[in-house]
Amino acid sequence: MVRRLEQRCPWGDTPPSDHAYVYAELEWTGPTEPTECQTIRGRISQLNTRLGDLREQQFYLDPEDPLDRELIMQIQEQIEEVNAEIAKLRKRSSELGCA
């Protein structure tokens with residue numbers, strides 16, 4: 001995929017100029033990051049949704065109820081596991097130079 005973009009100097013109150021020193025034409029030929037980056041972003045999005053679901057479940061539990069307390073602890077463990085997976089994915093994303 002090729003897109004042509006114009007970049008013009010936005011400073012001052014003057015309208016954009018076509019002078020060479022403020023005009024550049026850039027050619028974009030596609031993504032410059034590894035395809036794994038998109039997979040990582042998708043997985044992180046899924047995990048964030050999972051975190052929201054877990055927190056919502058936890059919200060409706062009563063910490064004073066012994067049965068609910070046990071569920072709260074189980075949910076908290078799941079939240080920690082999901083957060084750890086997200087941290088690993090973010091680290092990998094950083095290593096790959098994902099945007």
Side-chain angles (χ1 to χ4, degrees):
M1 179 192 314
V2 175
R3 254 194 274 182
R4 293 201 179 275
L5 303 171
E6 290 183 6
Q7 200 171 40
R8 297 182 179 188
C9 180
W11 65 76
D13 294 331
T14 59
S17 171
D18 287 332
H19 290 273
Y21 69 94
V22 293
Y23 177 80
E25 190 171 290
L26 305 174
E27 190 172 293
W28 183 72
T29 58
T32 58
E33 64 183 18
T35 55
E36 187 180 347
C37 293
Q38 187 173 0
T39 304
I40 290 172
R41 279 193 293 273
R43 183 66 182 138
I44 288 174
S45 177
Q46 291 172 345
L47 291 170
N48 281 328
T49 300
R50 177 74 178 133
L51 276 178
D53 294 343
L54 289 169
R55 288 183 178 130
E56 184 176 357
Q57 290 174 16
Q58 198 176 35
F59 178 78
Y60 292 106
L61 298 174
D62 179 9
E64 299 299 320
D65 182 344
L67 294 176
D68 281 358
R69 255 197 315 263
E70 186 176 329
L71 284 173
I72 289 170
M73 290 174 56
Q74 290 173 2
I75 291 171
Q76 191 59 41
E77 287 175 12
Q78 291 176 24
I79 287 172
E80 290 171 9
E81 289 170 7
V82 171
N83 278 327
E85 188 173 349
I86 289 172
K88 287 178 188 175
L89 289 168
R90 287 188 175 148
K91 181 179 179 195
R92 178 67 180 149
S93 175
S94 177
E95 290 168 355
L96 291 172
C98 300

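Along the sequence shown, the residues carry numbers beginning at 1. Just so it is clear, the structure is predicted and the values come from calculations on it, not from any experiment.
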Worked verdict on Thr39 versus Arg43 for side-chain contact (heavy atoms from CB on, under 4.5 Å): CA-CA 6 Å; Thr39 304; Arg43 183 66 182 138; 5.6 Å; no

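Note: Leu96 CG to Ile40 CD1 = 5.0 Å, rounded to the nearest 0.5 Å. We find the CD-CD distance between Gln76 and Glu81 to be 11.0 Å, quoted to the nearest 0.5 Å. Atom CD1 of Ile72 and atom CD of Glu77 lie 12.5 Å apart (nearest 0.5 Å). Rounded to the nearest 0.5 Å, atoms CZ (Arg69) and CD (Gln74) are 13.5 Å apart.
Contact annotation: the side chain of Ile86 approaches that of Arg90 to within less than 4.5 Å [non-hydrogen atoms, C-beta and beyond]. Inter-residue side-chain proximity for Gln57 and Leu61 is flagged as unmet; no heavy-atom pair is nearer than 4.5 Å. Between Thr49 and Gln46, every side-chain heavy-atom pair lies at or beyond the 4.5 Å cut-off. A 4.5 Å side-chain heavy-atom check between Glu95 and Lys91 finds at least one atom pair inside the cut-off.
Side-chain heavy atoms closer than 4.5 Å link hydrophobic residues (I, L, V, M, F, W, Y) into clusters, and following such links, possibly through other members, connects Val82 to Leu71.
Between Arg50 and Glu85 there is no salt bridge, since none of the side-chain N atoms of the basic residue sits less than 4.0 Å from a carboxylate O of the acidic one.
Between Arg41 and Cys98, the closest heavy-atom pair is NH1-CB, 4.3 Å.
Residue Gln38 places its CD atom among 12 or fewer non-hydrogen atoms of other residues, nucleotides or ligands, all under 6.0 Å distant.
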